[in-house]
K.L.:
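Handing you a structure now.
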Amino acid sequence: MNSSFSGIEMGKRALNAQTEALQTVGNNLANVNTEGYSRQRVELKEFDPLYDPALNRAETPGQIGQGVMVQSITRVRDDLLESRIDAHASGEAYWGTRDKYILQLEKAQNEPADLSVRSRMDKFWESWQDLSLHPQDNASRQAVVERASALTDAIHLKNRSLTDVAVAINDDVGVTVGEANQYIRNIASLNVQILKSQAQGDSPNALLDQRDLLANKLAKILPITIENKRDPDEYLIHMAGVHLVQGKLATSLETVADKNNEGYLKIIRPDTKEDWPVKGGKLGALLELRDQDARHEIQNLDLMTVHFTDLVNEVHEKGFGADGGTGRAFFTQYPYVLNADGSYDRAGTGQVDSTYIFRLSGKNVLNAQQQIGLSGTITLPGPKGNIAIDYKAADTVGDLINRINNSGSEVGARIDMDGKLQLKALPSQDLNNPSFVIRHVEDSGQFLVGYAGLLGQSGAAGAYDWTNPRAVSTLAGGGTSYQVAPLTHPSAWVAINADLKADPGKVAAGLGKDGRPAEAGDGSAALAIARIRGSEVLIGNAKTFDDYFASSVAEIGLKGETAHVTFQTQEKSMKDLTDLRDSISGVNIDEEMSNLLKFQHGYQAAARFITNWNDMLDTIINRMGV
Amino acid sequence: MQRISSNATAIDLSYALRNQELRSNQVENQMGSQQRIINLRDDPIAAAHAVRYQSWAERLDRYDKNALSVQADLRIQESHIDQAQSILQRINELAIQGANGTYGKDDLKNMATEINQYLGELVSIGNAKGPEGQSLFAGTKVDSNAFRAVMGHVEGSDGQVITGVEYTGSIGLNEVAVTGNSTVTANFPGNRVFWADQQKLFSAVDSQNYTVPQDTSIDIDGTKIPLRAGDNVYAVMTKINNGGVSVKASLDPVTNGLVLQTTQPHQMFLRDGNGGTVLQDLGVLSSRAGVQPPHNLHPDAREFGGSMFDAVIRLRDDLLSGKKDAIGETGLAGVQASLSNVQNTLATLGSRDSRLSFVSKRLENEKPEVVAKLSQETDLDLTKGITELKMLDATHQAALRAASKILPPTLMDYMR
């Protein structure tokens with residue numbers, strides 16, 4: 001037999017349950033526009049029966065139900081979809097960042113337009129052509145100086161634009177790392193709160209939503225993996241094998257200035273202080289953009305500048321100005337170290353330990369079509385270790401030079417205007433090696449030794465190596481020449497010789513004959529310099545200046561196109577995923593409205609039931625047997 | 001998807017509108033700048049091509065300018081040389097008249113006076129200056145006069161007359177680029193244009209047993225001829241004859257001295273290479289320091305053949321002294337040799353001018369084609385641009401109209 005008031009209890013339970021449900025509906029409606037909110041649903045369950053089947057049960061068949069209770073209020077959320085979204089987020093952010101910054105690198109090219117380095121250089125060559133027409137004209141010389149100034153200005157501007165982009169990316173790295181650390185800390189503290197709440201049996205939906213939102217934001221920045229979402233004590237976020245968040249423990253990213261990379265920030269592991277590579281997400285994209293794309297653009301510009309000034313100077317120094325003076329460089333050279341042999345103290349110990357030489361020239365005149373008649377192996381430095389280049393007796397000098405230039409080594413070869421072999425250093429890919437420094441030259445045969453007259457001895461004993469502070473002593477004497485490496489980033493400081501700016505009459509127009517000064521009408525030097533424009537001068541892989549400009553435009557343009565298209569694709573597929581999530585977890589006002597009606601009716605019915613039961617009790621208490 | 005949340009339509013709308021606005025903006029930018037390529041990423045390959053075409057078009061412009069400039073310079077030179085030709089023809093007539101033995105001494109003297117005036121005029125033609133003040137016929141030594149007249153007294157003359165004309169220019173040639181690989185010579189040195197006979201140089205030194213002491217070189221008309229140690233005079237002569245210069249070397253059978261003779265009428269410019277003394281040892285050049293060609297010949301070497309001025313001076317002197325036979329032989333021959341040399345120069349000049357005309361024409365044909373290619377890569381097709389803009393506009397309006405209806409009535413509106 002049940003108690004008299006059990007009905008009222010049941011009604012009361014029903015009222016509570018419906019009220020809670022109504023409140024949940026109200027909560028959903030209130031949060032219809034909240035970011036990261038997933039709609040909550042009340043799980044109603046029938047109240048447990050009064051007693052279990054046992055020996056002390058009542059002797060009446062059937063169990064009387066005891067009403068309804070709220071089992072739980074859960075979020076409607078698909079965790080697997082969440083994982084997919086998190087994984088996708090880092091890809092989308094990566095390409096989005098690339099898209100944005102590569103556009104800035106493209107703009108720095110200023111092409112195809114009249115204000116680019118290329119068009120200023122075209123005008124520069126033209127001024128030399130004009131000088132070759134009227135070598136006695138002072139006005140033509142002034143035009144040469146003016147055009148050269150405009151060109152150096154354009155090169156400085158481009159360098160500054162590119163460097164500005166790199167610096168902006170570096171700042172962004174700092175800010176992003178701060179942001180990531182903030183998220184990591186917040187997630188860890190949320191885990192503490194969630195743990196407390198779940199320990200008491202509650203389902204802290206708001207906190208869980210917040211944590212998922214922060215995890216999503218973090219996934220955009222770093223390529224993280226999230227595991228064990230259900231267990232707040234074991235909730236794990238890790239990246240590249242290092243744990244960022246584990247339960248309530250948080251590990252921050254640390255940055256330190258990298259002295260090998262212009263003092264830009266690099267990410268290190270906080271425990272071992274080792275390099276911590278980040279590959280993916282916004283931070284990975286920023287690091288790649290700064291250390292590879294922007295750096296490559298600046299190096300390319302430097303390489304072109306170094307080559308260009310070297311070629312013009314080579315001819316100009318042999319020419320004679322209107323005042324009869326010779327041996328003047330057209331572009332000023334600032335050496336890396338003011339030591340005639342290029343000896344430099346790299347390790348900072350107080351003793352010179354390296355040689356910084358940019359160009360080596362042999363002393364013998366070579367003919368590109370002549371067969372070498374010797375065999376051996378030349379060893380030159382590459383991006384990762386040394387590269388061996390073989391030559392056989394039947395190879396021509398031209399063949400061997402092409403082979404050296406196509407071998408991927410960081411040294412290029414050419415025959416200069418006197419017919420001598422020239423080896424020039426290229427920019428280095430590894431951050432630990434300085435650019436425009438020849439690191440190693442070795443020949444197991446006689447080509448570089450006796451044939452070209454560059455090295456003093458063949459084999460490893462006679463090898464030129466930059467770790468030897470007296471490396472120039474390994475060169476063959478008498479007639480070989482070398483030039484100290486230029487100060488870093490030649491494109492930032494390239495300038496015309498101040499003497500020429502002050503007195504344009506000193507610009508050389510003629511080469512003279514056999515060392516005799518050039519006459520007033522001799523325009524052979526001007527013609528030779530103007531000819532550089534179309535000749536094969538080999539800058540890295542580009543054969544002529546035209547090739548260099550065209551390929552640098554195509555390269556950055558293609559990178560931009562790829563970034564843009566890939567970003568758009570990623571954005572679209574991310575939208576599909578978020579649309580799906582929204583369809584699962586988003587609030588639908590109509591649905592909530594009908595739920596509102598449902599629970600309202602439920603509440604009204606429960607109230608009606610209580611009223612009836614109350615009437616029944618009233619009959620018993622107040623009217624029975626009175 | 002089985003369920004649409006209330007925000008779904010708003011999200012979709014903002015996504016679609018955003019993309020549309022991006023596209024409209026891009027087309028508007030293209031229309032505004034008339035360029036198809038705003039950023040390099042819009043068409044990287046076309047941008048790379050465009051960059052090359054731009055540089056190429058500028059280069060063609062430059063070559064065209066060069067060709068026209070050289071053509072103009074050559075025509076100025078031609079007008080002077082043409083005048084010299086007319087004068088020489090008049091002198092030729094006088095020489096023929098004078099050689100005809102019917103004139104008396106006074107008549108001959110009058111002819112000589114006329115020829116003297118013409119000589120002065122020829123010298124000033126030789127020293128002609130261009131519009132920028134540069135000497136036209138001095139080779140690359142354009143800041144000095146090409147010829148210097150030496151004054152003196154001659155039998156039969158009244159007062160000082162020109163007794164000699166020396167060449168003070170150089171033999172340098174000014175090369176101007178008119179295509180990528182080839183050049184055109186823009187000047188004619190005076191000692192080739194205004195020359196008469198082949199020049200012959202007889203050395204007085206017996207060089208039968210001469211050997212070159214060390215590796216050196218000699219310089220003939222600007223071309224370097226290398227010599228090895230131990231070469232005897234026959235080897236030297238062979239090298240000169242095969243050296244690609246218009247000079248022939250031989251050994252005089254009587255004196256065993258070196259004989260240098262031009263094969264085209266011009267004045268030889270001889271020099272010893274750096275540190276060498278071969279031509280000095282062979283008695284061709286003087287060993288005095290500081291002398292430059294063509295004034296550096298050995299004082300004992302005999303020189304024959306001279307310039308146009310020498311021929312005219314000789315004719316005038318013969319007329320003044322009344323040597324009729326000489327007039328008819330050497331005088332007339334010299335003038336006629338000068339005339340034929342000047343005519344040769346005019347022919348060369350004419351052919352150079354016609355070559356430059358061809359070059360200019362070719363460049364003028366090529367330039368528009370390069371510009372057309374450039375335009376194809378970078379210019380916007382106006383029709384396409386306008387059509388796309390109109391289409392985007394219509395789509396945008398339709399989307400906005402649809403958007404205004406996205407707040408449909410919800411259940412809330414129907415519940416009292």
Side-chain angles (χ1 to χ4, degrees), chain A residues 32-33 102-103 106-107 109 111-112 118-119 122-123 125-126 129 132-137 510 513-515 518-524 527 530-531 533-534 546 549-551 553-561 563-564 575 578-580 582-591 593-594 597, chain B residues 1-8 11-12 15 35 37 39-45 47-52 54-56 58-59 62-63 65-66 69-70 132-135 138-144 170 172 174-177 180-181 183 186-187 219 222 224 271 273-274 378 410-412 415:
Chain A
V32 69
N33 287 328
I102 288 195
L103 184 62
E106 281 173 52
K107 291 229 186 289
Q109 291 271 354
E111 292 274 23
R118 174 193 56 91
S119 57
D122 279 345
K123 295 225 158 24
W125 298 128
E126 239 191 86
Q129 287 276 6
S132 81
L133 273 181
H134 307 290
Q136 70 279 5
D137 209 358
K513 267 273 185 195
D514 283 339
E519 289 150 5
D522 183 353
S524 42
L527 187 64
R531 279 266 173 78
R533 178 193 208 171
D546 285 336
F549 285 116
S551 69
V553 155
E555 196 181 352
I556 194 69
L558 284 168
K559 276 189 193 172
E561 195 185 48
H564 188 66
K575 179 172 183 301
T578 45
D579 279 352
L580 193 57
D582 191 58
S583 90
I584 294 173
S585 311
V587 172
N588 185 326
I589 293 182
D590 290 339
E591 195 184 51
M593 281 299 146
S594 47
L597 283 176
Chain B
M1 290 195 290
Q2 302 297 321
R3 185 176 165 274
I4 305 291
S5 73
S6 299
N7 286 332
I11 294 172
D12 279 339
Y15 180 76
Q35 291 288 328
I37 302 177
N39 293 321
L40 291 176
R41 56 179 53 182
D42 296 335
D43 196 344
I45 306 293
H49 284 314
V51 154
R52 278 189 200 264
Q54 269 182 356
S55 288
W56 191 247
E58 294 224 6
R59 213 171 302 187
R62 182 73 237 173
Y63 290 142
K65 237 192 271 188
N66 282 0
S69 172
V70 172
E132 296 178 12
Q134 82 278 24
S135 284
T140 50
K141 220 171 168 183
V142 296
D143 51 350
S144 63
S170 76
N174 192 18
E175 301 283 340
V176 173
N181 297 327
T183 57
N187 64 339
D219 185 314
K224 196 155 127 172
R271 246 191 258 267
N274 275 345
T378 57
T410 63
L411 198 52
M412 274 194 302
M415 289 179 358

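Atom set for the values below is all heavy atoms of this structure, side chains included, hydrogens, waters and symmetry mates excluded. Naming: A, B, ... by sequence-line order, numbering from 1 per chain.
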K.L.:
Let me know if Ser69(B) has heavy atoms under 4.5 Å from chain A in its side chain, its backbone, both or neither.
P.N.:
side chain
K.L.:
Between Arg59(B) and Glu126(A) (salt bridge meaning N to carboxylate O under 4.0 Å), is one present in this structure?
P.N.:
no
K.L.:
What part of Asp219(B) gets within 4.5 angstrom of chain A, counting heavy atoms only: side chain, backbone, both, or neither?
P.N.:
side chain
K.L.:
Let's test your reading of the structure: which of Ile45(B), Asp43(B), Asp143(B), Asn66(B) forms the most heavy-atom pairs below 4.5 Å with chain A?
P.N.:
Asn66(B)
K.L.:
Go through the atoms of Ala177(B) and report whether side chain, backbone, both or neither lie under 4.5 Å from a heavy atom of chain A.
P.N.:
both
K.L.:
Please flag which part of Leu597(A) lies under 4.5 Å from any non-hydrogen atom of chain B: side chain, backbone, both or neither.
P.N.:
side chain
K.L.:
Counting heavy-atom pairs under 4.5 Å with chain A, which one of Gln35(B), Lys65(B), His49(B), Gln134(B) comes out on top?
P.N.:
Gln134(B)
K.L.:
Indicate whether any N or O donor in one side chain lies under 3.5 Å from an N or O acceptor in the other, for Asp582(A) and Ser5(B).
P.N.:
yes
K.L.:
Looking at Ser135(B), Ser170(B), Gly172(B), which has the largest count of heavy-atom pairs under 4.5 Å with chain A?
P.N.:
Ser170(B)
K.L.:
Non-hydrogen atoms of chain B under 4.5 Å away: do they reach the side chain of Lys559(A), the backbone, both or neither?
P.N.:
neither
K.L.:
Would the distance check show the side chain of Asn174(B) and the main-chain N or O of Asn187(B) forming a donor-acceptor pair, the cut-off being under 3.5 Å?
P.N.:
no
K.L.:
Heavy-atom distances under 4.5 Å only: say whether Ile556(A) touches chain B with side chain, backbone, both or neither.
P.N.:
side chain
K.L.:
Quick check: do Val176(B) and Leu527(A) have side-chain heavy atoms less than 4.5 Å from each other?
P.N.:
no
K.L.:
Answer yes or no: is there an ion pair linking Arg533(A) with Asp546(A), defined by an N-O contact shorter than 4.0 Å?
P.N.:
no
K.L.:
Hey, are Arg62(B) and Asp122(A) close enough for a salt bridge, meaning a charged N less than 4.0 Å from a carboxylate O?
P.N.:
no
K.L.:
Between Ser594(A) and chain B, with a heavy-atom cut-off of 4.5 Å, which part of the residue counts as in contact: side chain, backbone, both or neither?
P.N.:
both
K.L.:
Hey, which of Ala186(B), Ser144(B), Gly133(B), Gly222(B) has the most heavy atom pairs under 4.5 Å with chain A?
P.N.:
Gly222(B)
K.L.:
Chain B heavy atoms under 4.5 Å from Glu555(A): which part of the residue, side chain, backbone, both or neither?
P.N.:
neither
K.L.:
Looking at Asn39(B) and Arg41(B), would you say the former's side chain and the latter's main chain have a donor-acceptor pair under 3.5 Å?
P.N.:
no
K.L.:
Would you check if Asn181(B) and Arg531(A) make a side-chain contact, meaning some heavy-atom pair closer than 4.5 Å?
P.N.:
no
K.L.:
Just give me the residue among Arg118(A), Gln109(A), His564(A), His134(A) that pairs up with chain B most often, heavy atom to heavy atom, under 4.5 Å.
P.N.:
Arg118(A)
K.L.:
When rounded to the nearest 0.5 angstrom, what distance separates CD in Glu175(B) from OG1 in Thr183(B)?
P.N.:
3.5 Å
